[in-house]
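Report on one structure; see the data block that follows.
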Amino acid sequence: MATHRYFPHTDDDIAGMLAACGATTLDDLYADVPDSLRLKHAYDLPAAMSEPEVRAYFDEMRSRCIAMTCFAGAGAYDHYTPAVIDALTSRSEFLTAYTPYQPEISQGTLQYIFEYQSMMCSLTGMDVCNASMYDGATATAEAVMMAVNAARRKRRVLVSQTIDPATAAVIGTYARYHGITVEMIPQKDGITDSDELTAMLGSGDVAGVVVQTPNYYGILEDLTGWAEKIHACKALLIVNSPAITLGVIRQQGAWGADIAVGDAQSLGMPLSYGGPYLGYMCATKALMRKLPGRIVGATTDEKGQRVFVLTLQAREQHIRREKATSNICSNQGLMTLHAAIYLSLMGAEGLREVNRLSADGAHELARRLEETGKMRLSHPSAPYLNEFKMTVADPLTTSDVLRAMADHGILGGVAIDEREMIIAVTERRTPADIDKYVSIVKKL
């Protein structure tokens with residue numbers, strides 16, 4: 001073992017464990033693995049390097065990475081991360097924190113989860129919030145599971161065609177293995193067809209309805225009257241929204257939603273090649289015991305001091321697996337902390353300002369792109385916030401546009417097909433960025 005001095009097991013340790021397993025050698029532990037599949041030679045690893053050499057190696061790799069100006073969105077957004085967030089979340093007591101099984105020694109973790117939950121309830125207009133989900137797509141799929149569990153014998157769910165296709169795919173995967181039927185509500189002019197929804201509800205066997213606003217195309221959907229007709233059929237309304245937009249748009253609770261879900265990545269979390277992100281889930285008090293994950297509450301101890309406890313934690317570790325509401329097994333603690341710090345820093349005024357800057361930039365870019373004659377808004381009469389769908393004029397294609405943008409260091413958007421694409425603008429995009437984008441389109 002001298003060549004592996006950092007391994008925690010000594011020769012005596014290994015011998016003792018083998019004896020307890022009834023094995024003689026380490027090879028005995030892998031006897032079930034066919035010999036043809038077992039590695040017979042040493043790992044093909046590069047030669048060891050000193051610390052300066054390792055740093056130089058990665059510095060050289062980093063120098064080849066090009067920082068792109070991001071106009072892509074479709075569920076992941078390039079918002080600014082205040083420096084204080086990285087400073088605080090990098091502290092060792094946060095980086096090493098784990099699931100707060102023992103509240104008496106986890107008060108700090110429980111408190112920031114409690115604060116996160118409180119702020120998300122205010123943001124969504126809902127009664128309770130859990131901590132938390134992996135991302136917005138799985139949060140929405142878990143909400144579908146909640147609706148089916150609450151409905152008992154109903155196993156049909158309606159999902160709007162205007163939600164993010166990735167979210168719809170995750171819902172489909174969950175549904176497939178739980179015997180749930182998913183039907184898509186048709187769209188009309190970029191928004192969910194309300195008349196079609198009414199017709200589909202007529203069968204009376206619907207457990208829940210899923211809609212997104214702003215939807216995948218960036219359009220703000222009008223959900224007036226939805227809750228009433230869905231509840232009349234004894235179904236639940238699930239509304240998905242990017243967290244940052246709730247600083248200015250109508251809250252899910254105000255629409256009469258039973259479950260509010262979405263991705264909290266827009267709360268200043270770096271894009272980071274796709275994660276880690278944070279899914280939020282809030283619900284009405286009536287559904288509190290159906291929420292997956294955990295809910296932290298505040299109380300007082302025997303000295304009258306304010307303390308925090310795990311009020312509810314419907315997890316499979318504590319109850320029979322078949323009775324569990326979810327297999328979620330991490331509270332995404334670090335991302336929850338990130339969101340809590342961001343919301344406390346920004347406050348209501350800061351959230352409004354971020355959305356104002358993003359919306360102003362988006363409407364300016366859309367207007368100027370239409371003036372080029374090379375692109376037009378796909379749904380000109382539909383309201384949008386900071387994201388919009390454009391149709392490319394013949395003979396150009398979306399591939400032409402995105403390739404030209406990439407050649408100039410810009411992620412130009414997300415292609416839906418060869419004719420249509422989605423463009424997003426956040427507060428990080430400057431007037432100069434918008435000028436550059438328009439100038440490139442003019443030259444196509």
Side-chain angles (χ1 to χ4, degrees), residues 1-65 75-76 95-99 101 132-142 144-145 164-180 182 263 265 270-279 292-293 314-335:
M1 297 297 292
T3 56
H4 302 294
R5 59 182 178 171
Y6 297 113
F7 281 14
H9 303 135
T10 66
D11 290 336
D12 288 342
D13 292 332
I14 294 173
M17 288 187 284
L18 288 172
C21 295
T24 304
T25 67
L26 287 172
D27 286 339
D28 293 340
L29 295 177
Y30 304 101
D32 291 336
V33 179
D35 188 68
S36 61
L37 299 179
R38 297 179 64 177
L39 190 66
K40 303 292 179 58
H41 54 77
Y43 292 115
D44 183 16
L45 297 176
M49 291 187 286
S50 66
E51 181 176 327
E53 289 173 323
V54 170
R55 287 186 177 276
Y57 175 78
F58 283 106
D59 285 344
E60 192 279 327
M61 287 184 66
R62 183 174 59 186
S63 69
R64 288 185 268 127
C65 295
L95 280 176
T96 59
Y98 188 57
T99 301
Y101 289 117
S132 55
M133 314 303 290
Y134 294 119
D135 53 38
T138 52
T140 309
E142 293 280 359
V144 167
M145 299 295 296
D164 188 324
T167 301
V170 173
I171 292 172
T173 299
Y174 272 61
R176 176 183 176 186
Y177 294 101
H178 287 87
I180 299 170
V182 176
D263 210 304
Q265 179 274 332
L271 292 170
S272 300
Y273 298 95
Y277 292 166
L278 176 71
R315 300 178 64 195
E316 76 284 0
Q317 285 92 331
H318 307 297
I319 55 180
R320 286 178 296 173
R321 180 177 298 178
E322 67 272 15
K323 297 292 184 181
T325 57
S326 167
N327 67 350
I328 193 80
C329 55
S330 167
N331 66 3
Q332 287 291 91
L334 202 58
M335 295 297 99

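Everything numeric in this text was worked out from a predicted model, so none of it was measured. The analysis underlying the following values was restricted to heavy atoms, covering all of them including side chains, and did not include hydrogens, waters or symmetry mates.
- At most 12 non-hydrogen atoms from other residues, nucleotides or ligands lie less than 6.0 angstrom from CD of Glu51.
- When all heavy atoms are compared, the tightest approach of Gly279 to Ser132 is O-CB, 3.8 Å.
- The salt bridge (charged side-chain N to carboxylate O under 4.0 Å, His left out) analysis of residues 31-41, with sequence neighbours excluded, yields the pairs Asp27-Arg38, Asp35-Lys40.
- For the atom pair Asp13 CG and Thr10 OG1, the distance stands at 3.0 Å (nearest 0.5 Å).
- Closest non-hydrogen pair, Val54 versus Met49, comes out as CG2-CB, 3.9 Å.
- Atom CE in Met133 sits 9.0 Å away from atom OG1 in Thr140 (nearest 0.5 Å).
- Applying the side-chain hydrogen bond (donor to acceptor under 3.5 Å, both in side chains) rule to Thr138 yields the partners Asp135; only residues at least two apart in sequence or on another chain are considered.
- In this structure, Pro46 has no side-chain contact (heavy atoms from CB on, under 4.5 Å) partners at least two apart in sequence or on a different chain.
- Shortest non-hydrogen contact noted between Ala23 and Leu29 is CB-CD2, 4.4 Å.
- Expressed to the nearest 0.5 Å, how far OG1 of Thr173 lies from NE2 of His178 amounts to 11.5 Å.
- Residues satisfying the salt bridge (charged side-chain N to carboxylate O under 4.0 Å, His left out) criterion with Asp59, sequence neighbours excluded, are Arg62.
- Applying the salt bridge (charged side-chain N to carboxylate O under 4.0 Å, His left out) rule to Arg176 yields no partners; only residues at least two apart in sequence or on another chain are considered.
- Partners of Leu45 by side-chain contact (heavy atoms from CB on, under 4.5 Å), not counting sequence neighbours, listed by chain and number: Tyr43.
- Screening residues 14-23 for salt bridge (charged side-chain N to carboxylate O under 4.0 Å, His left out), with sequence neighbours left out, gives no hits.
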* Passes side-chain contact (heavy atoms from CB on, under 4.5 Å), Tyr277 versus Leu271? Steps please. -> CA-CA 8 Å; Tyr277 292 166; Leu271 292 170; 4.1 Å; yes

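- Remark: Ser50 engages Pro52, Glu53 in a side-chain contact (heavy atoms from CB on, under 4.5 Å) (not counting sequence neighbours).
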* To do: Could you give me the CA-CA distance, side-chain angles and deciding distance for Asp28 and Leu18, then say whether side-chain contact (heavy atoms from CB on, under 4.5 Å) is met?
  => CA-CA 9 Å; Asp28 293 340; Leu18 288 172; 5.9 Å; no

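- Listed by chain and residue number, Thr81, Ser272, His338 satisfy the side-chain contact (heavy atoms from CB on, under 4.5 Å) test with Pro270 (two or more places apart in sequence, or in another chain).
- Between the Tyr174 side chain and the Ala169 main chain, no donor and acceptor come within less than 3.5 Å of each other.
- A pairwise comparison of heavy atoms in Gly75 and Asp164 identifies CA-OD2, 4.2 Å as the closest pair.
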